[in-house]
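Predicted, not measured: the structure shown is a model, and the values here were computed from it.
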Amino acid sequence: MIGSAIPLIVQAVWPALLINGAVLFFVAHLYRNTYYIIDNRFLKITSGVLITKKIEIQSITGVAKTKTIISAPALSFDRLEINYGQGNSVVISPKYKETFIAHLFKLNPQINVPEQD
């Protein structure tokens with residue numbers, strides 16, 4: 001993004017530079033404000049100001065590793081798909097996936113976690 005701004009600055013294309021800056025700000029905001037919190041009862045998912053989700057841990061039915069490219073509150077393509085409730089799912093990318101899964105499983109041993117490498 002910064003590299004693409006250099007020609008815009010040199011040529012004084014201010015509207016395009018403003019759009020470029022807005023996109024850069026938005027991406028930086030998402031990067032700094034995407035996180036997941038596990039408390040004793042809920043998994044809280046936050047991604048910028050767009051996504052705030054609270055999932056009851058006892059409603060989680062499965063956790064599986066995925067590399068899906070669907071839009072999600074995830075900063076990486078090395079992701080986890082969390083299935084919960086009646087057919088609902090969300091894709092996230094916690095930094096320490098194995099620890100994250102183990103913590104969820106400790107709070108809800110009924111979670112289906114398929115064996116994967």
List, one per line, each side-chain donor-acceptor pair under 3.5 Å for residues 49-57, sequence neighbours excluded.
none

Contacts table for residues 33-43: side-chain donor-acceptor under 3.5 angstrom, sequence neighbours left out:
unit_1 : atom_1 : unit_2 : atom_2 : d
Asn33  : ND2    : His29  : O      : 3.0
Asn33  : ND2    : His29  : ND1    : 3.0
Thr34  : OG1    : Leu30  : O      : 2.6
Thr34  : OG1    : Ser47  : OG     : 3.1
Tyr36  : OH     : Pro73  : O      : 2.5
Tyr36  : OH     : Ser93  : N      : 3.1
Asp39  : OD1    : Arg41  : N      : 2.8
Asp39  : OD1    : Phe42  : N      : 2.5
Asp39  : OD2    : Lys44  : NZ     : 3.2

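One hydrophobic cluster, built from ILVMFWY side chains closer than 4.5 Å, cannot hold both Val91 and Tyr84; they sit in different ones. Follow the hydrophobic side-chain contacts under 4.5 Å out from Val90 and you reach Ile101 in the same cluster. One hydrophobic cluster, built from ILVMFWY side chains closer than 4.5 Å, holds both Val113 and Leu104. Note on Leu24: it does not cluster hydrophobically with Leu18, by side-chain heavy-atom contacts below 4.5 Å among ILVMFWY residues.
Two residues are said to be in side-chain contact when any heavy atoms from C-beta on lie closer than 4.5 Å; Val63 and Glu81 fail this criterion.
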Please determine whether side chain to side chain contact (heavy atoms under 4.5 Å, CB included) holds for the pair Leu80 and Lys65, giving the CA-CA distance in whole Å, both sets of side-chain angles, and the decisive distance to 0.1 Å.
CA-CA 4 Å; Leu80 295 177; Lys65 293 180 182 178; 3.7 Å; yes

Run the numbers on Phe77 and Arg79 for side chain to side chain contact (heavy atoms under 4.5 Å, CB included), then give the verdict.
CA-CA 6 Å; Phe77 287 117; Arg79 301 169 166 192; 3.7 Å; yes

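Distance check: Leu75 CG to Ile92 CD1 gives 11.0 Å after rounding to the nearest 0.5 Å.
Put simply, the residue from Ile60, Asn83, Thr61 that forms a side-chain contact (heavy atoms from CB on, under 4.5 Å) with Ile111 is Ile60.
Sorted by first then second residue, the side chain to side chain donor-acceptor pair (under 3.5 Å) pairs that include residues 100-111, not counting sequence neighbours, number zero.
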